Novice: 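Shown below is the structure under consideration.
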Protein chains: 2
Amino acid sequence: MATNETTNGETELLHDDEVHPAADCRAMGQVLDRIGDKWTIMVVGALSHGPMRFNALMRRIGGVSHRMLTLTLRRLERDGLVKRTAFPTIPPRVDYELTPLAHSLIGPLAALAQWGEDHRVEIEQARAEFDQRTTEK
Amino acid sequence: MATNETTNGETELLHDDEVHPAADCRAMGQVLDRIGDKWTIMVVGALSHGPMRFNALMRRIGGVSHRMLTLTLRRLERDGLVKRTAFPTIPPRVDYELTPLAHSLIGPLAALAQWGEDHRVEIEQARAEFDQRTTEK
DNA sequence: CCGGATCCCTGTCGATACTG
DNA sequence: CAGTATCGACAGGGATCCGG
C-alpha cells in the first residue's frame with residue numbers, strides 16, 4: 001500500500017553510493033501513507049485533548065463526513081494509534097482515545113506544524129511571485 | 001486549496017474551550033497539502049544531497065513517471081522550496097536544488113522519519129493483531 | 001535533454017439510505 | 001448514537017506523443 005517497495009521491504013540494492021537517505025525516504029513514505037491523508041491528523045489533533053465520542057469528534061473537526069471519520073478511526077485503530085472503547089448501552093456509546101504510541105507522534109508532528117506556522121508567509125509570498133512571473137510573461 | 005478554512009484563516013470562533021490545537025491542526029493541514037503527496041518528500045530527500053539534473057533525479061528516485069516528477073518539481077518551485085536553473089545549451093540542462101527554506105524543513109521531516117523508523121515494528125504488529133482479530137471472528 | 005499536452009484508468013471521497 | 005453498504009463524482013497519476 002506504500003509508494004513502492006520490494007516484497008521484502010528491507011533489501012534494496014541501489015547502485016552503491018548512499019544508503020541512509022534512501023532509508024529515510026522510505027520511512028517518510030511509510031509515515032505519510034499513514035498520516036498523510038485528509039483527516040488523520042485532524043482526528044489526532046482533536047483527540048490529543050483526551051477521549052472523545054464519535055459525534056463529538058465529528059462536531060469538533062467539522063467538515064468531515066460520517067463515513068470518512070469512521071474509516072479514519074478504523075485505520076488509526078488498526079495501526080495501534082487509537083483505542084476504541086464501546087459501551088454496550090442503549091443508545092450505544094463509543095469512546096476514542098489516543099494510545100501512548102500516538103502521543104509519541106505528537107511531538108514530531110507539532111514540530112512540523114510549527115514549521116508550517118513559521119514559514120507560511122514565506123511560502124505564500126513565493127507562490128504569489130511565481131504566479132505573477134508565469135502569468136504575465 | 002487546503003482542507004477547510006475560513007476566508008480569513010485566523011478568526012475561528014469555536015465553542016470556547018481551546019484555541020491552540022485548532023491552529024496546530026490547520027497548520028498541519030497546510031503542511032500536508034504541500035508535502036503529503038506521493039512524490040514530494042522523495043524529491044526533497046533526493047535533493048538534500050545537493051543539486052541534481054532532471055534525469056538524475058528520476059533515476060535516483062525510481063518509479064516516478066516523467067510527468068509526475070515535472071509536476072512535483074513545479075509545485076516545489078512555486079512554493080519556494082526548490083531553485084530551478086536552466087542552462088540554455090544544446091542539449092538543454094536544468095539543475096534543481098533545495099532552497100534554504102527547504103533545508104529548514106529537513107529537520108522536522110527527519111524527526112518524523114525517525115519516528116517512523118522507531119515505531120514501524122509496533123505498528124506492523126498492531127496491524128497484524130487487528131487483522132487477525134477481525135478476520136477470525 | 002527537458003517540458004508540456006492528451007488520454008484513460010484507478011482509487012478516494014461525499015451523499016444517501018439502512019441496520020443494531 | 002454508532003456503523004455499514006452502495007453509488008456517483010472527481011482528481012491523481014501513468015503512458016505516450018510532440019515541441020523546444
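Hydrogens, waters and symmetry mates play no part in the numbers below; they use all other heavy atoms, side chains included. Remember, predicted model here, so these are calculated numbers, not experimental data. Reminder, nothing fancy here: chain letters follow the sequence lines and each chain counts from 1.
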Novice: What is the distance from CD1 of B:Ile90 to P of C:dC1, rounded to the nearest Å?
Specialist: 14 Å
Novice: Quick one: does B:Thr70's side chain have a donor or acceptor within less than 3.5 Å of a partner on B:His66's backbone?
Specialist: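 Answer holds: yes.
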Novice: Between A:Ala56 and B:Ser65, who's closer to the 5' end of DNA chain D by nearest nucleotide?
Specialist: A:Ala56
Novice: Counting any heavy atom closer than 4.0 Å, what does B:Tyr96 reach on the DNA or RNA strands: base, sugar-phosphate only, or nothing?
Specialist: sugar-phosphate
Novice: Could you grab the distance from atom NE2 of B:His103 to atom CG of B:Leu105, nearest 0.5 Å is fine?
Specialist: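 These two atoms lie 10.5 Å from each other.
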Novice: Rounded to whole angstroms, how far apart are CZ on A:Phe54 and P on C:dG20?
Specialist: 19 Å
Novice: For the side chain of B:Lys38, counting heavy atoms from C-beta on, which of D:dG14, C:dC2, C:dC13 is nearest?
Specialist: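 Within the option list, the nearest is D:dG14.
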Novice: For B:Leu69 and D:dG13, give me the distance from atom CG to atom P, rounded to whole Å.
Specialist: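 These atoms are roughly 13 Å apart.
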Novice: Ignoring backbone atoms, test whether B:Arg93 places a side-chain nitrogen or oxygen under 4.0 Å from the OP1 or OP2 oxygen of C:dC2.
Specialist: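 False: B:Arg93 side-chain N/O out of range (4.0 Å or more) of C:dC2 OP1/OP2.
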Novice: Is A:Glu77 paired with A:Arg74 through a side-chain N to carboxylate O contact shorter than 4.0 Å?
Specialist: yes
Novice: Which whole-number value in Å describes the distance from B:Arg67 CZ to D:dC17 P?
Specialist: 16 Å
Novice: Please determine, for the side chain of A:Pro92, which listed nucleotide (C:dC13, D:dA2, C:dC2) has the closest atom?
Specialist: D:dA2
Novice: Over how many whole Å does the gap from A:Asp37 atom CG to C:dG14 atom P extend?
Specialist: 10 Å
Novice: Between the side chains of A:Asp95 and A:Arg93, is the shortest nitrogen-to-carboxylate-oxygen separation below 4.0 Å, so that they form an ion pair?
Specialist: yes
Novice: For A:Arg84 and D:dC1, give me the distance from atom CZ to atom C1', rounded to whole Å.
Specialist: 12 Å
Novice: To the nearest 0.5 Å, tell me how far B:Gln30 CD sits from A:Arg120 CZ.
Specialist: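 Reported to 0.5 Å precision, the distance equals 7.0 Å.
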Novice: Please determine if a side-chain N or O atom of B:Trp39 lies less than 4.0 Å away from the OP1 or OP2 oxygen of D:dG14.
Specialist: yes
Novice: Could you tell me how far apart B:His66 (NE2) and C:dG3 (P) are, to the nearest whole angstrom?
Specialist: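 After rounding, the gap between these two atoms is 7 Å.
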Novice: From the list D:dG3, C:dC2, C:dC1, which nucleotide is the closest neighbour of the side chain of B:Val94?
Specialist: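 Taking heavy atoms from C-beta onward, the closest nucleotide is C:dC2.
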Novice: How long is the line joining CD of A:Glu77 and C1' of D:dA2, in whole Å?
Specialist: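 About 13 Å, once rounded to whole Å.
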